[in-house]
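Below, chain A is the first sequence line, B the second, and so on; all start at residue 1. In this text, all values refer to a predicted model and were calculated from it rather than measured experimentally.
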There are 2 protein chains.
Amino acid sequence: MNDTQTDNAGVLPIADMICFSVYSAGHAFNRVYKPLLDRLGVTYPQYLVLISLWDRDDQTVGALGKALMLESNTLTPLLKRLEGMGLVSRARDPQDERQVRVKLTEAGRALRGEADSITMCILEATGLPIEELRDLQTKIVRLRDHLNRAAA
Amino acid sequence: MNDTQTDNAGVLPIADMICFSVYSAGHAFNRVYKPLLDRLGVTYPQYLVLISLWDRDDQTVGALGKALMLESNTLTPLLKRLEGMGLVSRARDPQDERQVRVKLTEAGRALRGEADSITMCILEATGLPIEELRDLQTKIVRLRDHLNRAAA
DNA sequence: TGCGATTAAATCGTGCGCGATTTATATAAG
DNA sequence: CTTATATAAATCGCGCACGATTTAATCGCA
């Protein structure tokens with residue numbers, strides 16, 4: 001026991017905690033994405049919404065929330081910002097007025113052309129080969145799904 | 001090409017993006033931590049500060065920021081909240097008045113007793129064996145450090 | 001048909017995270 | 001010494017996240 005201060009039995013140093021690794025890795029991704037997304041004028045969560053709509057246009061707030069694992073209290077103001085920028089439109093579904101359908105505008109579709117180069121920059125920045133990233137991705141998803149099941 | 005809408009060449013579905021896995025795994029950790037930390041009355045970032053101080057008391061804002069990879073604009077208000085709760089004290093260093101030294105109060109030290117059971121709950125919630133978590137942790141740290149180096 | 005229960009978004013308040021800037025102190029160079 | 005530079009923290013503004021609540025529309029069922 002040669003700790004500088006106290007008996008550390010039990011409590012891991014922060015650097016060794018997997019939750020902190022995930023937490024700080026999220027911040028690190030943001031730092032890499034920021035300058036790339038600044039050129040599009042969108043934030044990272046906004047970019048995720050665009051990706052989701054590029055894949056499937058005309059989704060409800062709820063469907064977007066399910067895909068991104070976010071609630072309407074997060075998405076509603078974010079979508080209003082995207083609408084304000086002219087990248088998406090929001091309108092009540094006439095078939096079910098409770099739902100709001102989100103669609104890409106022409107400007108929103110146009111940004112899709114930038115996505116591939118951004119992805120390449122990110123892959124480059126990870127410094128890891130693609131197979132390793134895929135493997136890591138699979139493991140993190142498994143971890144996340146376990147956590148979400150435990151939280152429910 | 002049997003996509004419902006468009007030609008998806010190049011843009012991965014969100015679910016397959018490693019950045020999104022990390023992003024959503026961070027949220028998942030928070031969801032598991034929330035009810036555990038609520039009983040202590042602290043948030044997850046505040047808890048990280050406490051862990052850092054339990055390991056080494058009497059740190060400057062800058063040192064905490066380095067450990068947690070956060071800036072003073074994030075830490076200062078957070079530390080003021082911890083001070084308001086009576087868990088830490090903040091005081092200018094007489095040797096260098098630019099620096100603020102953060103120390104645990106008796107109440108702050110007392111919370112340390114709860115930490116082990118929280119860690120056990122989290123490990124349990126991951127649903128993964130300890131060796132696998134350690135391996136995953138190492139890989140995520142490597143990814144994070146690559147990203148931070150690329151962002152710099 | 002009517003009315004309670006359910007569902008979908010939106011609203012509100014709090015606490016991060018961070019870019020940009022400011023304030024205050026310390027250090028270095030002439 | 002004094003002035004320029006560097007460093008540490010704080011301040012300000014904005015955009016997430018999310019718990020709790022509210023509003024509005026639909027569904028279930030007698």
Donor-acceptor pairs under 3.5 Å, side chain of residues 43-51 of chain A to any protein atom, not counting sequence neighbours: which ones?
unit_1, atom_1, unit_2, atom_2, d
A:Thr43, OG1, A:Gln46, N, 3.3
A:Tyr44, OH, B:Phe20, N, 3.4
A:Gln46, OE1, A:Thr43, N, 3.0

Side chains of residues 73-87 of chain A: which donor-acceptor pairs under 3.5 Å do they make with residues two or more places apart or in other chains?
unit_1, atom_1, unit_2, atom_2, d
A:Thr76, OG1, A:Ser72, O, 2.9
A:Glu83, OE1, A:Arg90, NH1, 2.9

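Listed by chain and residue number, B:Leu128, B:Pro129 satisfy the side chain to side chain contact (heavy atoms under 4.5 Å, CB included) test with B:Glu132 (two or more places apart in sequence, or in another chain). With sequence neighbours excluded, the residues forming a side chain to side chain contact (heavy atoms under 4.5 Å, CB included) with B:Arg149 are B:Asp145, B:His146, listed by chain and number. For the salt bridge (Lys or Arg N to Asp or Glu O under 4.0 Å) test, no residue two or more places apart in sequence or in another chain qualifies with B:Asp16. Here B:Asp96 pairs with B:Arg98 under the salt bridge (Lys or Arg N to Asp or Glu O under 4.0 Å) rule; sequence neighbours left out. Checked against salt bridge (Lys or Arg N to Asp or Glu O under 4.0 Å), A:Arg142 has no partners two or more places apart in sequence or in another chain.
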Within the sub-3.5 Å range, which N or O atoms of nucleotides 13-19 of chain D have a protein N or O partner, and how far apart are they?
unit_1, atom_1, unit_2, atom_2, d
D:dC16, OP1, A:Thr43, OG1, 2.6
D:dC16, OP2, A:Gln46, NE2, 2.7
D:dC16, OP2, A:Arg81, NH1, 2.5
D:dC16, O5', A:Arg81, NH1, 3.0
D:dA17, OP2, B:Tyr23, OH, 2.4
D:dC18, OP1, B:Arg31, NH1, 3.2
D:dG19, N7, A:Asn73, ND2, 2.7
D:dG19, O6, A:Asn73, ND2, 2.7

At a cut-off of 3.5 Å, list every protein nitrogen or oxygen paired with a nitrogen or oxygen from nucleotides 22-28 of chain D, distance to 0.1 Å.
unit_1, atom_1, unit_2, atom_2, d
D:dT26, OP1, A:Glu97, N, 3.2

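For the pair A:Arg101 and A:Asp93, the salt-bridge criterion is met [side-chain N within less than 4.0 Å of a carboxylate O].
Within the 4.0 angstrom heavy-atom criterion, only backbone atoms of the sugar-phosphate kind lie near B:Arg90; the bases stay farther away.
The distance from the OG1 atom of A:Thr105 to the CG atom of A:Leu111 is 8.0 Å, given to the nearest 0.5 Å. To the nearest 0.5 angstrom, A:Glu124 atom CD is 11.5 Å from B:Leu147 atom CG.
Think of the region where chain A sits on DNA chain C: with heavy atoms and a 4.0 Å cut, that region ends 5' and 3' at C:dT7 to C:dC18.
Sorted by first and then second residue, the side-chain hydrogen bond (donor to acceptor under 3.5 Å, both in side chains) pairs involving residues 17-41 of chain B (not counting sequence neighbours) are A:Gln137-B:Ser21, A:Arg144-B:Ser24, A:Asn148-B:Arg31, B:Lys34-B:Asp38.
A single hydrophobic cluster is not seen to contain both A:Val141 and A:Met69; linkage of ILVMFWY side chains at heavy-atom distances under 4.5 Å, directly or through other members, places them apart.
For DNA chain C, no neighbouring residue in residues 140-152 of chain A is found when judged by any heavy atom under 4.0 Å.
No more than 12 heavy atoms of other residues, nucleotides or ligands lie within 6.0 Å of CD in B:Glu71, so this atom counts as exposed by the packing criterion.
For B:Lys80 and D:dT11, the shortest distance from a side-chain N or O to OP1 or OP2 is below 4.0 Å.
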